[in-house]
Chemist: 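For reference, the structure I am asking about is given below.
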Amino acid sequence: MATPDPGVYISPAQTYQEVRDLARTVDRIEAKLDGVLDEQRDIRNDVADHETRLRTLERARWPLPTVAVLAGAAGTATGVLALLR
C-alpha cells in the first residue's frame, strides 16, 4: 500500500514574504512603466515640433516655383521684344 502524499505546507511567514516580494516587483514595473510613458510623451512632443517645422518649410517653399515661372515669363517676353526690334 502506498503512503499518502502529505502535501505541501506553506507557512504564513512564507506567504507574507512572497506577497512582499510580489509587491516590490509590481512597484518596479510601475516605475518602469511611468518612465516609458514619460518617454512616449516626449516623443509625441518631438513629433509635433517636427510636424510644425515641416509645415513651415512647406509654406515657405511655395513661392519658389511661382518666382521661377514669373522669371521665365519675363525672360520670354524680353526675348520676344528683342526679336521684334
Side-chain angles (χ1 to χ4, degrees):
M1 180 173 231
T3 59
D5 185 18
V8 177
Y9 175 75
I10 300 174
S11 70
Q14 288 173 323
T15 303
Y16 176 75
Q17 186 60 41
E18 288 297 319
V19 169
R20 294 292 301 161
D21 290 343
L22 185 60
R24 271 182 276 194
T25 302
V26 169
D27 287 341
R28 283 196 326 261
I29 291 171
E30 282 181 340
K32 288 180 181 180
L33 185 59
D34 288 340
V36 168
L37 291 175
D38 288 341
E39 288 176 15
Q40 183 184 18
R41 194 172 303 117
D42 292 342
I43 290 171
R44 273 196 219 141
N45 291 338
D46 288 345
V47 168
D49 181 49
H50 287 271
E51 280 294 322
T52 304
R53 289 179 182 196
L54 283 173
R55 299 294 177 233
T56 303
L57 287 173
E58 288 171 351
R59 267 187 261 121
R61 189 173 166 220
W62 76 265
L64 294 177
T66 305
V67 170
V69 167
L70 292 175
T76 302
T78 304
V80 168
L81 284 175
L83 284 176
L84 293 175
R85 288 189 177 212

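By convention here, the first residue in the shown sequence is residue 1.
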Chemist: Asp21 and Arg24: salt bridge (charged side-chain N to carboxylate O under 4.0 Å, His left out), yes or no, with the steps?
Modeler: CA-CA 5 Å; Asp21 290 343; Arg24 271 182 276 194; 2.8 Å; yes
Chemist: Let me confirm one number: the CG-CZ distance from Asp46 to Arg41, rounded to the nearest 0.5 Å.
Modeler: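 It is 13.0 Å, given to the nearest 0.5 Å.
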Chemist: Nearest 0.5 angstrom please: Arg20 CZ to Thr25 OG1, how far?
Modeler: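 Going from CZ on Arg20 over to OG1 on Thr25, the span is 11.0 Å.
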Chemist: Mind checking the CD1-CD spacing from Ile10 to Gln17? Nearest 0.5 Å is all I need.
Modeler: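 Reported to 0.5 Å precision, the distance equals 13.5 Å.
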Chemist: Supply the atom-to-atom distance Asp42 CG to Leu37 CG, rounded to the nearest 0.5 angstrom.
Modeler: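 Going from the CG atom of Asp42 to the CG atom of Leu37 covers 11.0 Å.
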Chemist: What's the separation between atom CZ in Arg53 and atom CD in Glu58, rounded to the nearest 0.5 Å?
Modeler: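 The distance works out to 14.5 Å.
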Chemist: So, the side chain of Gln14 versus the backbone of Ser11: is there a donor-acceptor pair under 3.5 Å, distance only?
Modeler: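 Indeed, once roles are kept as given, a pair shorter than 3.5 Å links the two residues.
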Chemist: When rounded to the nearest 0.5 angstrom, what is the spacing between OG1 in Thr52 and CG in Leu57?
Modeler: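 It is 11.0 Å, given to the nearest 0.5 Å.
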